[in-house]
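Below: one structure, written as structure tokens.
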Amino acid sequence: MPASLVQIQQIFDKKLEGKKVKIRGWVYRKREIKYTIFLLIRDSTGVIQCTVKKDSSAWEMADKVTIESSVILSGMVKSDKRAPGGYEIAVDQLTIVGLAETFPITKDYSEDFLRDVRHLWLRSRRMTLIMRVRSEVLKFIHDFFRRRGYVEVSPPMFISSACEGGATLFGLKYFDKELYLTQSAQLHLEALIYSLEKVYCVAPSFRAEKSRTIRHLAEFWHVEAEAAFTTMEDMMKLEEDLVAYICHQTAKKCKKELEILNTNIEKLLKVKTPFPRITYNEAIERLQNKGFKIEWGEDLGYDEEKALAEDFGHPFFIYAYPRKIKAFYCKTYRDNPELVMSEDMLVPRIGEIITGGAREDNKEELIKRLKEFGLRQEDYEWYIDLRRYGTVPHAGFGLGVERLLAWILDLENVIDAVPFPRTIRRYYP
RNA sequence: GCCGCCGUAGCUCAGCUAGGUAGAGCGACGGGCUGUUAACCCGUGGGUCGUCGGUUCGAGUCCGACCGGCGGCGCCA
């Protein structure tokens with residue numbers, strides 16, 4: 001009977017003991033003693049020990065094979081207490097698909113070195129698990145929005161005018177013109193609510209912030225949503241529902257990955273809506289009581305955010321900020337124009353994971369605010385048009401995927417939440 | 001942009017305080033071992049000590065500049 005091609009996990013799940021199987025994968029470990037070669041073979045589903053005896057016709061190939069070589073092998077599945085996981089394959093046939101040169105990653109490594117060989121480190125168990133969870137989290141995000149009637153849209157990456165501060169734009173040559181990489185899809189999403197009403201996207205945003213921290217990437221994945229006939233309060237409810245949904249689904253569907261990654265699953269299960277909400281004024285008061293030297297009107301620094309986050313231990317909101325420390329498009333409170341309807345969701349250790357709020361929907365107010373920020377009206381005429389033709393109260397938000405993942409998975413740095421991180425210093429591989 | 005730390009073998013590091021022939025472990029290679037669990041034992045190779053300059057009879061070590069990286073702040077998701 002010919003060996004049937006299986007994935008490694010099936011050998012452990014389906015009790016293929018006594019059956020002849022064929023697997024394809026990579027050599028994860030190789031250990032040799034006089035009459036036996038042990039090969040630990042990994043594929044995308046798991047790792048299994050394979051034994052090659054000296055009298056086997058596969059001996060010659062097994063002797064030659066190196067760590068990380070790609071192979072196809074077949075043999076009998078046997079139960080053996082000495083094998084990791086309880087099963088192993090007694091190999092009778094081994095083909096080397098790609099003989100690997102000496103693999104540079106060994107048991108002694110530094111963070112720095114792993115960043116240089118990121119393209120190879122992605123094969124590690126740890127990175128593989130993180131990438132799987134990332135994939136699931138993205139799926140949960142799409143599931144959530146679609147159930148709520150949101151339409152996925154595809155915003156442009158090339159833009160002609162800034163959304164956030166102009167200093168953090170990446171400029172680039174666009175034919176004979178100067179353009180920028182987008183910092184946020186928000187402005188373009190706003191244009192789409194006039195027909196679709198509720199829209200969202202998952203797309204990269206690019207920011208030339210010269211930040212050297214564990215929570216900044218020059219290219220990060222941004223979940224953004226925008227909805228018509230919506231207030232900031234509606235949006236905060238949507239945000240907390242989304243984050244709670246992601247946490248609960250991840251805890252449930254990625255239990256195995258979270259356990260191997262040694263993640264605090266309890267933390268995810270404890271996430272409950274509604275999240276605590278404090279105003280900016282309350283935040284300042286709390287901080288002053290804690291002894292922070294901060295005055296009303298100043299923006300919260302990372303130390304301040306961290307101190308507040310420790311009080312809650314869970315995601316929470318700060319809202320109603322001073323107008324001057326938030327973006328031009330934020331809508332002011334009509335009864336107190338010094339404050340804007342802007343809100344941040346913060347989590348312990350990482351800080352801000354979401355910023356959202358109501359957008360200024362009055363044409364005159366918007367033009368006034370553009371001037372206040374020293375922006376040229378002609379660069380934003382298309383955006384002002386959205387207030388000229390059937391303006392509507394609306395709100396939206398942006399969520400940083402890597403920051404959320406870093407919090408969920410207790411990662412030390414957001415760079416591990418993305419396969420090929422781009423920071424001010426790193427763009428290779 | 002400001003502040004701090006780091007750079008020695010393919011990898012992880014010691015050597016620097018107090019200048020005097022370049023070291024260890026892992027990996028690689030060769031050998032040994034009848035079941036290994038990132039095996040173990042014996043052996044062999046492997047270095048412009050980040051770069052340039054200075055001090056000195058002599059610099060990995062002391063001094064200066066530069067380059068590269070990591071982290072903190074600010075800014076942000």
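Atoms considered below: every heavy atom in the structure, side chains included; atoms not considered: hydrogens, waters and symmetry mates. Naming: A, B, ... by sequence-line order, numbering from 1 per chain.
Remark: the separation of the C1' atoms in B:G31 and B:C5 is 45 Å, to the nearest Å. B:C70 and B:C63 have their P atoms separated by 26 Å, with the value rounded to a whole Å. The separation of B:G19 from B:C57, taken at their P atoms, amounts to 15 Å, rounded to a whole angstrom. Atom name P, nucleotides B:G25 and B:C6: the rounded distance is 26 Å, in whole Å. Comparing B:U55 with B:A14, their P atoms are spaced 31 Å from each other, to the whole Å. A gap of 23 Å separates the P atoms of B:G64 and B:G69, to the nearest Å. B:G7 and B:C40 have their C1' atoms separated by 34 Å, with the value rounded to a whole Å. B:C13 and B:G60 have their C1' atoms separated by 14 Å, given to the nearest Å.
When each of B:U36, B:U34, B:C73 is scored by its nearest atom to the side-chain atoms of A:Asp303, the top-ranked nucleotide is B:C73. For A:Lys53, the listed nucleotide lying nearest its side chain is B:G35; candidates were B:A38, B:G69, B:G35. With B:C75, B:G35, B:A28 as the candidates, the nucleotide lying closest to the side chain of A:Arg215 is B:C75.
Closest non-hydrogen pair, A:Ala227 versus A:His394, comes out as O-CB, 3.0 Å.
Put simply, A:Arg212 has no side-chain N or O that comes within less than 4.0 Å of OP1 or OP2 on B:G4. Between A:Lys107 and B:C26 there is no side-chain N or O to OP1 or OP2 distance below 4.0 Å. For the pair A:Asn413 and B:C70, the criterion of a side-chain N or O lying under 4.0 Å from OP1 or OP2 is not met. When the side-chain nitrogen and oxygen atoms of A:Arg125 are compared with OP1 and OP2 of B:A38, none of them lie within a distance under 4.0 Å. The shortest distance between the side-chain N/O atoms of A:Thr168 and the OP1/OP2 oxygens of B:C75 is not below 4.0 Å. For A:Arg207 and B:C76, the shortest distance from a side-chain N or O to OP1 or OP2 is not below 4.0 Å. Between A:Thr36 and B:U36 there is no side-chain N or O to OP1 or OP2 distance below 4.0 Å.
Within a 6.0 Å radius of CD in A:Glu152, other residues, nucleotides and ligands contribute more than 12 heavy atoms.
Rounded to whole Å, atom C1' of B:G69 lies 9 Å from atom CZ of A:Arg115. Here B:G72 presents its C1' atom at 18 Å from NZ of A:Lys210, a figure rounded to the nearest Å.
Remark: the A:Glu101 side chain and the B:G10 base include no donor-acceptor N/O pair separated by less than 3.5 Å. Residue A:Ser211 places a side-chain atom within donor-acceptor reach of the base of B:G74, judged by atom type and a 3.5 Å distance cut-off alone.
Separation of the A:Phe328 and A:Tyr380 ring centroids falls under the 6.0 Å cut-off. For A:Phe144 and A:His142, the gap between ring centers reaches or exceeds 6.0 Å. Taking the six-membered ring where the residue is Trp, the centroids of A:Tyr180 and A:Phe158 are separated by 6.0 Å or more.
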